[in-house]
Amino acid sequence: MNRRSPEPFLWMLFSSGGMVAALMVPILLFLFGLAIPLDLWSPSHAHLLAVLRNPLTRLVLFGLCALALFHWAHRFRYTLYDGLQLKRYAVPIVVLCYGGAVVGSVIAAGLLLTV
């Protein structure tokens, strides 16, 4: 039986998560960490809620959260493997890292669906 490795798919999630996080997180940090608190831009609560209730906005935020979590999981997995030399615990590390990313993605989806 020729079993395929999921490694290419995990590397794809890692790279896309890094790219999305590098492009979108600085914008969100600027808006919600500087622009709104310093009154450089002051949207109303109703406007922000209307934007958040848009299905496309929810999809983009879910993608950002899920891809960033999988980026973290892959990076943390290889930090444990190579940095701390824990490759002998490969199975629990994979389960905990990627399982944590899946659980975090489910939580993000649940939160975005309840708004």
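Numbers for residues simply follow the sequence, beginning at 1.
Ring geometry, Tyr98 versus Phe70: the interplanar angle falls under 30°, so the pair is classed parallel (tilted spans 30 to 60°).
In the hydrophobic clustering of this structure, Leu34 groups with Leu48; members are Ile, Leu, Val, Met, Phe, Trp, Tyr whose side-chain heavy atoms approach within less than 4.5 Å, directly or through other members.
Within a 6.0 Å sphere centred on OH of Tyr78, heavy atoms belonging to other residues, nucleotides or ligands number more than 12.
Between Leu61 atom CG and Leu52 atom CG the span is 6.5 Å, to the nearest 0.5 Å. Considering SG of Cys65 and CE of Met24, their distance stands at 9.5 Å, rounded to 0.5 Å. A distance of 9.5 Å separates CG in Leu80 from CG in Leu96, rounded to the nearest 0.5 Å. The structure places CZ of Arg77 at 9.0 Å from CD1 of Ile93, a figure rounded to the nearest 0.5 Å.
With sequence neighbours left out, the ring pair (Phe, Tyr, Trp, His ring centres under 6.0 Å) criterion links His71 to Phe14.
When all heavy atoms of Cys97 and Phe76 are compared, the pair lying nearest together is SG-CD2, 3.7 Å.
When side chains are defined from C-beta on, Ile36 does not count as touching Ser42, because their heavy atoms never get closer than 4.5 Å. In this structure, the side chains of Val94 and Tyr81 come closer than 4.5 Å at one or more pairs of heavy atoms. Residues Leu28 and Leu64 form a side-chain contact, since some pair of their non-hydrogen atoms from C-beta on lies under 4.5 Å apart. Side-chain contact between Leu49 and Val115 is present, with heavy atoms from C-beta onward closer than 4.5 Å. Side-chain contact between Leu10 and Glu7: present, with at least one pair of heavy atoms (C-beta onward) separated by less than 4.5 Å.
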